[in-house]
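Here is the structure we will look at, set down as structure tokens.
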2 protein chains.
Amino acid sequence: MIVLLLSLQLNVLKMDSLLSNIKIAVPDKIYIKDPESSDLGKRIIEHSIILIDEIGFDSFTFKKLGVRIGSNESSIYRYFESKHKLLLYLTSRYWAWVEYQLVFATHNVPDDNTKLTKAIEVITRTIKEDVTFTHINEVVLNRIVINEYSKSYLTKEVDSENKEGYFVLYKRLIRRLSEMITKVNKDYQFPSSLASTIVEGALHQHFLKSHFISITDCNDKVTPTKFFINLTQNVLNIKTNGSK
Amino acid sequence: MIVLLLSLQLNVLKMDSLLSNIKIAVPDKIYIKDPESSDLGKRIIEHSIILIDEIGFDSFTFKKLGVRIGSNESSIYRYFESKHKLLLYLTSRYWAWVEYQLVFATHNVPDDNTKLTKAIEVITRTIKEDVTFTHINEVVLNRIVINEYSKSYLTKEVDSENKEGYFVLYKRLIRRLSEMITKVNKDYQFPSSLASTIVEGALHQHFLKSHFISITDCNDKVTPTKFFINLTQNVLNIKTNGSK
DNA sequence: AATTTCATGATAGTATTACTATTATCTTTG
DNA sequence: CAAAGATAATAGTAATACTATCATGAAATT
């Protein structure tokens, strides 16, 4: 596992203490050659995100990406053995980034309930701006996750790929949320299912508000965040106090 | 729209009254030629369900299906213009079947809360036996929906296909559930989002309990049904009375 | 300065997919 | 019995998802 530094605007000290806690990493078997290790690799990541967003993962090919970045199909294959692995890589980085944001937003928050609420906010919000100034555009990557993430695990190879560790980031984020739920209400019987429902459900509600508005209440004003915070508060029997 | 009779063991009178209410139908543009209208058509449906379950939708091809049913690839193309349309057809029939079960299980139930609970049971349960004795195996079809349904709408063509009416059955089921939620609690602000979360979330929990057990509490004893009934009761502030 | 290494590029090739088109054959119905 | 309609067989196409080989150019090593 290679530790992957996310360049957020933090001072070094804070970053260090956070990183020692969470170790953001992408399982190294996902790629053949680390795309962060070269200029071409970074261009592959940057433009694959843009291309997949534009034409959809199904129509996306390494050949088209090659044309886009002025490079050769065969060169891209030296980094990723298939477009499926590329998707796995991109979405892993997304979940790693969300986990980082979650740890950052919730550390040093003393009240467990406020902490949970902040966690749900981070997980369910619409990403509006490209926070980091790297080759990865989080706004676009978020759209890809909404539109394509399910395809990365709805395969006949899930079980073997799960064993290889390709979904650790996703699962760890959900487990983190699950633990926060349990801290707020020790007697609640389904913390993991609630957590996985929030993470998956948020993606789904974001999708619905763009394509199936008749089966969601979410829109630009009523956000998935509001829906899931309200839901969680009710499910865990939290008395809403006046404070936001 | 051609009305599609589901051969359940019901007396004709009851069936008539139910059908007049719900009109179970598959949008006819989904297929080129109605597969119910011929023996070959029915074999296509029956064995496509089995084959997709066996090898997964991604590896499924009309050529392989042709070999399986001792027919020719080109003949299958006379019924469906693509395997994507076939998926749309199969899943539409699934949702139509669930809707039918839902209407059947909830009609004449006077108490709104009991009605909602029964509806959630129908939507979230594991299908254990092949109820009908047609060419469609609902147990296997249910597995296909769990593993492949998302792929039918996570495409660049969703909006145009939605306009063509390919997702009406799915949306109508969710709207039906949404209405039941509102009847139980008129003040609840997110009935549609709750309904879509239950339907999608149930599929997801079923998937998780087969492949990612560490992020769900569901298993053979703790069913997705229990989780979602408990969740809904809490979200809608329903006081649990002793009666089951 | 020569050489080895290494990353990338170019080209070719393969099996499969997702179809379309045409023609032949077989079955049903008038 | 003939015509119509359904199905089967065959061929063909462009694209996909790769693999393999060889060339080139730049950087690092000797």
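Just so it is clear, the model here is predicted, and its values are computed rather than measured. Convention: sequence-line order gives letters A, B, ...; per-chain numbering from 1.
Side-chain N or O atoms of Lys83(A) include one that pairs as donor or acceptor with a backbone N or O of Phe57(A) at under 3.5 Å. A donor-acceptor pair under 3.5 Å is formed between the side chain of Ser160(B) and the backbone N or O of Glu157(B).
In the set dG9(C), dC18(D), dT17(C), dT17(C) carries the atom at the smallest distance from any side-chain atom of Lys64(B). Ranking dA10(C), dC19(C), dA17(D) by closeness to the Ser74(A) side chain, first place goes to dA10(C). Nearest to the side-chain atoms of Ser38(A) among the listed nucleotides dC19(C), dT8(C), dT7(D) stands dT8(C). Side-chain proximity of Ser71(B) to dC18(D), dC19(C), dA8(D): nearest is dA8(D). Distance from the side chain of Asn72(B) is smallest to dA9(D) among dC19(C), dA9(D), dG9(C). For Tyr77(A), counting side-chain heavy atoms from C-beta on, the closest listed nucleotide (dT19(D), dG9(C), dA18(C)) is dT19(D).
Atom CD1 in Ile76(A) sits roughly 13 Å away from atom P in dA17(D) (whole-Å rounding). Atom CD1 in Ile55(A) sits roughly 13 Å away from atom C1' in dA15(D) (whole-Å rounding). Between the NZ atom of Lys83(B) and the C1' atom of dT20(C) there is a distance of 18 Å, rounded to whole Å. Between the CD1 atom of Ile32(B) and the C1' atom of dT7(D) there is a distance of 15 Å, rounded to whole Å. Nucleotide dA7(C) holds its C1' atom 16 Å from the CZ atom of Phe80(A), rounded to whole Å. In this structure, the CZ atom of Phe62(B) is 16 Å from the C1' atom of dT7(D), given to the nearest Å. In this structure, the CG atom of Leu40(B) is 5 Å from the P atom of dT7(D), given to the nearest Å. If you measure from atom NZ of Lys63(B) to atom P of dA18(C), you get 12 Å, rounded to the nearest angstrom.
When heavy atoms are screened at a 4.0 angstrom cut-off, Lys33(A) is found touching the sugar-phosphate backbone but no base atom. Glu81(B) comes within contact range of the sugar-phosphate backbone alone, with a heavy-atom separation under 4.0 Å but no base atom that close. Residue-level contact check: Tyr79(B) touches the backbone only, with heavy atoms under 4.0 Å from sugar-phosphate atoms and none from bases. The residue Thr61(B) sits close only to the backbone: its heavy atoms come under 4.0 Å of sugar-phosphate atoms, none of a base.
Using bins of under 30°, 30° to 60° and over 60° for the plane-to-plane angle, the ring pair Tyr31(B)/Tyr89(B) lands in the perpendicular bin. Between Phe207(A) and Tyr153(B), the two ring planes are tilted [angle within 30° to 60°].
Side chain Arg78(A) to base dG9(C): a donor-acceptor pair is found below 3.5 Å.
For the pair Ser75(B) and dA8(D), the criterion of a side-chain N or O lying under 4.0 Å from OP1 or OP2 is met.
The two atoms that bring Ser196(A) and Ile215(B) nearest to each other are OG-O, 3.0 Å, heavy atoms only.
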